[in-house]
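Data first, discussion second: the structure below is written as structure tokens.
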Amino acid sequence: MSRIIFNHVHKRYGKYKEYAVNDFNLEVEDEEFLVFVGSSGCGKSTTLRMLAGLEDISEGEIYIGDTIVNDMPPKDRDISMVFQNYALYPNMSVYENIAFGLQMRKLPKHEIETSVKRAARVLEIENFLDRKPRELSGGQRQRVALGRAIVRTPQAFLMDEPLSNLDAKLRVQMRSEIIRLHKKIGVTTIYVTHDQIEAMTMGDRIVVMEKGIVQQVDTPEVIYNEPANLFVANFIGNPPMNFVTGKIEDRDGFLEFNTKRFGLRLTEKQAHAMRQMNLVDRGIIIGMRPENISFEEIMMEAHPNSIINGTMELSEFVGSDRYYHMNIGLEKYLVARAHPRYHFDDGMRTAVAVDMNKALFFHKDTGFLLTK
């Protein structure tokens with residue numbers, strides 16, 4: 001079990017040497033569960049495959065422990081990898097699939113048997129050891145793939161979208177099982193996914209990537225509450241954050257975020273930061289999470305200077321919540337999340353209060369977070 005370090009790692013493809021991964025720098029702590037997340041083609045799987053030795057590195061160094069592994073064959077890197085498609089041998093039993101790697105290392109038969117049974121017990125597949133993969137469900141097959149990885153104690157586990165082929169219910173179940181497994185074994189784990197819910201619920205830290213570039217590395221809480229830029233703010237969160245472009249203006253000594261349709265008064269802390277950055281009378285983007293937009297009368301009374309009026313366009317019932325889409329007369333709808341007890345007919349005029357303590361502000365040109 002070791003730290004993993006990426007030092008100015010690049011990956012370029014093709015005739016024009018386009019970057020799949022651009023200047024990737026990261027230190028993964030021993031026993032950490034780290035998640036790479038991003039849209040398809042962002043470079044997350046390529047980065048994992050470079051660490052595994054399945055892709056060459058164009059530039060930079062990767063360390064496992066104190067050793068540079070750039071030119072080390074995959075079999076010598078002492079890592080275990082779990083793939084999206086399970087990669088089980090169909091003609092082998094579950095026992096044989098899990099034992100295969102140990103047999104290739106020519107370990108004694110009794111050691112192999114002890115290790116396989118221990119892994120099967122941890123994953124609760126002891127009763128399936130004599131079965132073939134075709135006789136198992138998707139969740140059971142994924143447990144076998146995990147068993148093949150944990151049958152020994154490598155320096156790191158690498159997991160490349162291991163749950164993407166499972167249905168929604170099984171994904172939730174397997175997420176919990178992988179987290180429990182990590183806590184039992186304590187091996188450094190890097191997990192790749194395009195699913196932000198997996199990233200938020202599983203990772204000690206999250207690496208958000210886009211177009212081969214790291215956008216932010218931090219805990220799930222910080223990434224959700226303090227996204228580094230517009231991309232992260234939009235990518236993390238469901239429904240996504242609302243963004244509105246407007247202007248910071250002085251109104252009788254108070255600063256407001258103003259559009260042609262409404263104005264929202266900034267908090268003292270936000271106003272101070274805006275003055276310090278000389279952003280008064282400048283264009284800016286405000287970000288508002290749907291859960292921080294309220295229909296509650298008590299919120300209207302508490303935030304009389306942060307009201308937005310609009311027309312209800314549609315609502316989405318999702319069980320414990322309802323997502324309301326409001327036409328506020330601008331280029332985008334405003335989405336609010338509220339309790340299902342609220343009901344608005346399409347076309348109904350209504351108002352919401354914005355909790356400005358939770359509002360975020362982004363630079364109009366660079367997209368970087370300015371202040372909360």
Side-chain angles (χ1 to χ4, degrees), residues 167-169 171-172 175 195-201 220-227 230-248 251 254-270 284-362 369 371-372:
D167 62 47
K169 184 178 180 181
R171 280 204 303 273
V172 173
R175 282 205 308 258
D195 186 331
Q196 56 154 304
I197 301 300
E198 281 186 15
M200 294 291 287
T201 56
E221 292 82 3
V222 171
I223 282 181
Y224 189 80
N225 294 313
E226 301 175 35
L230 286 170
F231 174 81
V232 178
N234 186 56
F235 188 81
I236 299 295
N238 187 30
M241 184 179 290
N242 296 283
F243 299 108
V244 177
T245 301
K247 191 176 184 181
I248 300 297
R251 291 285 188 270
F254 295 99
L255 289 193
E256 289 185 356
F257 172 85
N258 284 317
T259 73
K260 62 183 180 181
R261 294 289 183 175
F262 61 84
L264 304 171
R265 181 175 292 181
L266 275 59
T267 66
E268 289 185 11
K269 179 182 176 182
Q270 292 164 346
I284 204 168
I285 297 172
I286 190 172
M288 300 167 282
R289 294 276 183 204
E291 64 268 26
N292 298 325
I293 300 170
S294 177
F295 296 95
E296 298 275 1
E297 288 187 14
I298 191 170
M299 284 293 290
M300 304 279 188
E301 294 169 0
H303 301 276
N305 298 304
S306 303
I307 306 295
I308 300 177
N309 294 288
T311 303
M312 194 59 62
E313 289 289 328
L314 64 91
S315 67
E316 300 173 279
F317 176 69
V318 293
S320 60
D321 295 303
R322 212 181 266 274
Y323 303 147
Y324 296 95
H325 297 243
M326 289 176 59
N327 184 338
I328 55 174
L330 299 175
E331 67 276 8
K332 294 182 179 180
Y333 291 105
L334 190 74
V335 180
R337 187 168 75 188
H339 193 278
R341 70 173 179 271
Y342 289 98
H343 181 75
F344 302 94
D345 293 328
D346 292 351
M348 181 183 292
R349 293 286 297 173
T350 188
V352 292
V354 178
D355 184 351
M356 290 299 289
N357 291 298
K358 304 287 182 65
L360 303 175
F361 295 93
F362 299 88
L369 178 68
T371 180
K372 294 189 291 179

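Each residue takes its place number in the sequence, starting with 1.
- From D346, atom CG reaches atom OG1 of T311 across 11.0 Å, with rounding to the nearest 0.5 Å.
- In this structure, R175 and I197 have side chains that are in contact, with non-hydrogen atoms separated by less than 4.5 Å.
- Look at E296 and R341 and you find a salt bridge, because one of the NZ, NE, NH1 or NH2 atoms lies within 4.0 Å of a carboxylate O, short of that distance.
- The two residues V244 and F257 come nearest to each other via the heavy atoms O-CZ, 3.3 Å.
- Between P227 and L360, some side-chain heavy-atom pair lies under the 4.5 Å cut-off.
- Of all heavy-atom pairs spanning D355 and H303, the tightest one is OD1-CE1, 4.0 Å.
- Among I284, L230, T245, I286, the single residue meeting the side chain to side chain contact (heavy atoms under 4.5 Å, CB included) criterion with F362 is L230.
- With Q196 contributing its side chain and G237 its backbone, the two residues share a donor-acceptor pair below 3.5 Å.
- For K332 against F243, the heavy-atom pair with the smallest separation is CD-O, 3.7 Å.
- The closest donor-acceptor contact from the side chain of Q270 to the backbone of F361 lies at 3.5 Å or more, if one exists at all.
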Q: Please test E316 against R322 for side-chain contact (heavy atoms from CB on, under 4.5 Å), starting from the C-alpha separation and ending with a verdict.
A: CA-CA 5 Å; E316 300 173 279; R322 212 181 266 274; 5.9 Å; no

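- Without hydrogens or angle criteria, N242 side chain to V335 main chain gives a donor-acceptor distance under 3.5 Å.
- Within a 6.0 Å sphere centred on CD of E297, other residues, nucleotides and ligands contribute 12 heavy atoms or fewer.
- Annotation for Y342: atom OH counts as buried by contact number, over 12 foreign heavy atoms lying within 6.0 Å.
- Residues A351 and I307 come closest through the heavy atom pair CB-CG2, 4.0 Å.
- Of the listed residues (I308, I328, L330), just one forms a side chain to side chain contact (heavy atoms under 4.5 Å, CB included) with R261, and that residue is L330.
- S320 and P340 get closest at one heavy-atom pair: O-CD, 3.3 Å.
- Atoms CG and CG, from L266 and N357 in turn, are 10.5 Å apart once rounded to the nearest 0.5 Å.
- Side chain of N225 to backbone of E221: a donor-acceptor contact under 3.5 angstrom is found.
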Q) Would L334 and M288 count as a side-chain contact (heavy atoms from CB on, under 4.5 Å) if you check the C-alpha gap in whole Å, the side-chain angles of each, and the deciding distance to 0.1 Å? A) CA-CA 9 Å; L334 190 74; M288 300 167 282; 3.8 Å; yes

Q: Dump the intermediate steps for side-chain contact (heavy atoms from CB on, under 4.5 Å) on F262 and T259, then the final yes or no.
A: CA-CA 5 Å; F262 61 84; T259 73; 3.6 Å; yes

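- With rounding to the nearest 0.5 Å, the separation of CE in M200 from CG in D195 is 11.5 Å.
- Closest non-hydrogen pair, A338 versus F295, comes out as CB-CD1, 3.8 Å.
- No donor-acceptor pair closer than 3.5 Å links the side chain of R265 to the backbone N or O of R251.
- D345 pairs by the side-chain hydrogen bond (donor to acceptor under 3.5 Å, both in side chains) definition with H343, not counting sequence neighbours.
- Here the side chains of K358 and R289 are not in contact, with every heavy-atom distance at 4.5 Å or above.
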